[in-house]
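First comes the structure, then the notes that go with it.
As the structure lists them, so they are numbered: ligands from 1, and atoms in each ligand from 1.
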Amino acid sequence: MNKKSVKDIDVKGKRVFCRVDFNVPMKDGQVTDETRIRAALPTIQYLTEQGAKVILASHLGRPKGQAVDELRLTPVAKRLSELLGKEVKKTDEAYGDSVQAEIGTMTDGDVLLLENVRFYPGEEKNDPELAKAFAELADVYVNDAFGAAHRAHASTEGIAHHLPAVSGLLMEKELDVLGKALSNPERPFTAIIGGAKVKDKIGVIENLLEKVDNLIIGGGLAYTFVKAQGHEVGKSLLEADKIDLANSFIEKAKEKGVNFYMPVDVIVADDFGEHANTKVVAIDEIPADWEALDIGPKTSEIYQDVIQKSKLVIWNGPMGVFELEKFANGTKAVAQALADATDTYSVIGGGDSAAAVEKFNLADKMSHISTGGGASLEFMEGKALPGVVALNDK
Ligand SMILES: Nc1ncnc2c1ncn2[C@@H]1O[C@H](COP(=O)(O)OP(=O)(O)OP(=O)(O)O)[C@@H](O)[C@H]1O
Ligand SMILES: O=C(O)[C@H](O)COP(=O)(O)O
C-alpha cells in the first residue's frame with residue numbers, strides 16, 4: 001500500500017485520534033456480534049504498547065445527526081474493555097470542552113472511547129468545523145475504519161486534512177488483501193456474486209469481468225440473468241429494467257473468455273417463509289406461481305467444483321435466502337467448499353456473506369473475511385475510498 005501506516009510514525013506520548021468501525025449489531029443494550037471490535041484490537045494494542053493516548057471514535061447505526069440513547073457506544077466501551085483487559089473510559093460527547101478535559105487526565109497507554117460521531121449533523125456532511133474540532137483533540141490521526149472508508153465524513157475524511165494521517169493495521173490488511181486479489185490474482189481466479197439485486201452489483205460485476213477466470217452468479221439477482229437467457233422465472237426476484245444489462249454481461253464474459261456460471265436448477269417455494277412448500281426444478285421449469293429462493297443441488301455441485309479448482313475466490317452475497325433453513329443449502333454449500341478447499345485463498349466480501357459464514361461456523365476456515373460491507377463492495381468496483389485517499393502517502 002502506498003499510504004503511511006501507524007508503524008511508519010512515532011506515536012509515543014502522542015494523543016492519537018483513532019477512527020474505528022464499531023458499527024456492530026446490538027440487542028437489548030448488548031453487542032451481539034463483536035467481530036468488528038476484535039478486528040480493531042491489533043491497532044489499539046499496538047498504540048497502547050507504544051505509549052500513545054488512544055482516543056477512539058466510531059459511528060453506530062444511522063442516528064441522523066442527533067443523540068439517540070439506543071445508539072450510544074457505552075455497551076461497546078464495556079465489551080472493548082473486557083477484550084483489552086484494561087479500563088476503557090467513555091465520554092458522553094465526541095468533541096468539545098468536556099472531552100478535552102477528559103483527555104487531559106489521560107496517561108500514556110490509556111484508551112478512551114468518544115460518543116457516536118453521527119450524533120452530530122456535521123459528521124455525515126463532512127463539515128470542516130467539526131473535522132477541525134475532532135482534530136483539536138489529538139496530535140495524530142489513525143484511520144482503522146475500513147468498513148467506513150467509503151464515506152467522506154468528518155471523522156473519516158475531513159479530519160485527515162488537519163493532522164498527520166495514517167492507516168491502522170486493520171485498514172492496511174484489508175487494503176493489502178483486497179488490493180492484491182484485484183491487481184495480481186493467483187489463477188484460476190473466481191468471483192461469486194449473489195445477494196438480492198443486480199442494481200447493487202452492477203459495478204462489481206463490470207469490474208470483476210475484466211479480471212476473473214470464472215464468474216459465478218447466485219442469489220436473487222440470478223433470476224434477471226435467467227430471464228435474460230429466455231427462461232420464465234415465475235415470482236422470483238426480477239429487475240425487468242436490468243435484463244438487457246444482464247445480457248450484455250453474459251456477452252462480455254464470452255468476449256473476454258470468462259466462464260460464466262448461472263444456476264441450472266433451483267429450489268422453488270409456493271410462498272416466502274419456512275412454512276412454504278418447496279421443490280427442486282430445472283432452471284427452465286420454474287412454475288409461474290412459484291418463487292426461486294435458493295440454488296439447487298446440481299448447481300451447488302457445479303459451483304463447488306469450480307471453487308475446488310480455483311486458487312483465489314472472492315465471494316460477495318448469499319446464494320439464497322440463507323436466513324431461512326429451507327433456503328440455506330446453496331449458501332452453505334459454497335461456504336463449505338471454500339472451507340474444504342485448503343489450497344484456495346478465500347476472500348469474503350463482508351456484509352451478508354460474512355454473516356452466513358459466521359452462521360455456519362466456518363469463519364475460521366476462510367482466508368480473509370472483510371469487515372467492510374459497502375466499503376469492500378466499492379473497493380471491488382474499483383472505486384477510490386475517500387477515507388483512504390485522504391491519508392498521507394509513503
Ligand atoms: N433467491 C432469492 N430471493 C430473494 N431474496 C434473496 C434470494 N437470494 C438471496 N436473497 C436475499 O438477499 C439478501 C442479501 O442481499 P444483499 O444484496 O444485501 O447481499 P450482500 O451484498 O451480501 O450484503 P451487504 O449489502 O450487507 O454487503 C439476503 O437477505 C437474502 O435473503
Ligand atoms: O456497516 C457498515 O457497512 C459501515 O459501518 C458503514 O455504515 P453506513 O452504511 O451506515 O455508513
Side-chain angles (χ1 to χ4, degrees), residues 19-26 33 35-37 39-40 58-64 71 76 116-118 123-124 144-153 155-157 174 192-205 217-226 233-239 263 266-269 271-273 276 278 286 290-296 299 314-331 334-335 348-359 369-381 385-387:
R19 177 58 157 99
V20 288
D21 185 356
F22 285 166
N23 185 26
V24 291
M26 285 218 264
D33 179 357
T35 310
R36 281 180 166 172
I37 306 179
S58 178
H59 73 283
L60 175 63
R62 293 177 174 170
K64 300 201 168 81
L71 295 177
V76 175
N116 190 341
V117 289
R118 286 197 187 163
E123 167 64 2
E124 290 180 71
D144 210 25
F146 175 73
H150 57 317
R151 308 289 183 216
H153 294 172
S155 71
T156 61
E157 203 275 344
E174 292 268 18
I192 307 173
I193 303 296
K197 293 188 181 135
V198 178
K199 172 169 87 49
D200 297 340
K201 305 285 159 86
I202 296 171
V204 184
I205 296 174
I217 298 284
L221 63 83
Y223 305 101
T224 300
F225 288 87
V226 172
V233 298
K235 289 187 170 164
S236 312
L237 278 185
L238 176 69
E239 290 154 88
V266 286
I267 314 276
V268 290
D271 200 0
F272 189 98
T278 63
I286 299 176
W290 294 57
E291 175 177 12
L293 293 178
D294 196 9
I295 56 173
T299 308
I314 287 188
W315 179 21
N316 180 283
M319 297 291 99
V321 183
F322 74 102
E323 298 91 337
L324 301 175
E325 198 54 41
K326 275 189 172 167
F327 312 109
N329 284 338
T331 306
V334 163
I348 314 301
D352 275 305
S353 338
V357 168
E358 285 283 346
K359 184 179 157 153
I369 301 181
S370 177
T371 52
S376 64
L377 210 58
E378 290 202 16
F379 193 91
M380 285 189 252
E381 286 174 27
L385 305 178

- Do Asp294 and Val321 come close enough that some side-chain heavy atom pair is under 4.5 Å? no
- Message: Pairing donors with acceptors under 3.5 angstrom, does anything connect the side chains of Glu174 and Ser370?
- Response: yes
- Query: How about Lys197 and Leu221: do any of their side-chain heavy atoms sit closer than 4.5 Å?
  - Reply: no
- Message: Going by the rule side chain to side chain contact (heavy atoms under 4.5 Å, CB included), which residues pair with Thr35 if we only count those two or more places apart in sequence or in a different chain?
- Response: Asp33, Glu358
- Message: Regarding His59 and Arg19, do their side chains bring together a donor and an acceptor under 3.5 Å, going by distance alone?
- Response: yes
- Query: With a 4.0 Å cut-off, would you call Lys201 and Glu378 a salt bridge?
  - Reply: no
- side-chain hydrogen bond (donor to acceptor under 3.5 Å, both in side chains) partners of Asp21, counting only residues at least two apart: Arg36
- Message: Quick check against the 3.5 Å criterion: does Lys359 have a side-chain atom that pairs as donor or acceptor with the backbone of Phe322?
- Response: yes
- Item | Within the protein, residues bringing a heavy atom under 4.0 Å of ligand 1, chain by chain | Gly195, Ala196, Lys201, Gly219, Gly220, Tyr223, Leu237, Ala292, Leu293, Asn316, Gly317, Pro318, Gly320, Val321, Glu323, Gly351, Asp352, Ser353
- Val76 and Phe22, any side-chain heavy atoms less than 4.5 Å apart: yes
Between ligand 2 and the protein, which N/O pairs are shorter than 3.5 Å?
{"unit_1": "ligand 2", "atom_1": "1 (O)", "unit_2": "Asn23", "atom_2": "ND2", "d": "3.0"}
{"unit_1": "ligand 2", "atom_1": "1 (O)", "unit_2": "Arg36", "atom_2": "NH1", "d": "3.0"}
{"unit_1": "ligand 2", "atom_1": "1 (O)", "unit_2": "Arg36", "atom_2": "NH2", "d": "3.3"}
{"unit_1": "ligand 2", "atom_1": "5 (O)", "unit_2": "Asp21", "atom_2": "OD1", "d": "3.2"}
{"unit_1": "ligand 2", "atom_1": "5 (O)", "unit_2": "Asp21", "atom_2": "OD2", "d": "2.9"}
{"unit_1": "ligand 2", "atom_1": "5 (O)", "unit_2": "Asn23", "atom_2": "ND2", "d": "3.0"}
{"unit_1": "ligand 2", "atom_1": "5 (O)", "unit_2": "Arg36", "atom_2": "NH1", "d": "3.3"}
{"unit_1": "ligand 2", "atom_1": "5 (O)", "unit_2": "His59", "atom_2": "NE2", "d": "3.0"}
{"unit_1": "ligand 2", "atom_1": "7 (O)", "unit_2": "His59", "atom_2": "NE2", "d": "3.3"}
{"unit_1": "ligand 2", "atom_1": "9 (O)", "unit_2": "Arg62", "atom_2": "NH2", "d": "2.7"}
{"unit_1": "ligand 2", "atom_1": "9 (O)", "unit_2": "Arg151", "atom_2": "NH2", "d": "2.8"}
{"unit_1": "ligand 2", "atom_1": "10 (O)", "unit_2": "Arg62", "atom_2": "NE", "d": "2.8"}
{"unit_1": "ligand 2", "atom_1": "10 (O)", "unit_2": "Arg62", "atom_2": "NH2", "d": "3.3"}
{"unit_1": "ligand 2", "atom_1": "10 (O)", "unit_2": "Arg118", "atom_2": "NH1", "d": "2.9"}
{"unit_1": "ligand 2", "atom_1": "11 (O)", "unit_2": "Arg118", "atom_2": "NH2", "d": "2.7"}
{"unit_1": "ligand 2", "atom_1": "11 (O)", "unit_2": "Arg151", "atom_2": "NE", "d": "2.6"}
{"unit_1": "ligand 2", "atom_1": "11 (O)", "unit_2": "Arg151", "atom_2": "NH2", "d": "3.3"}

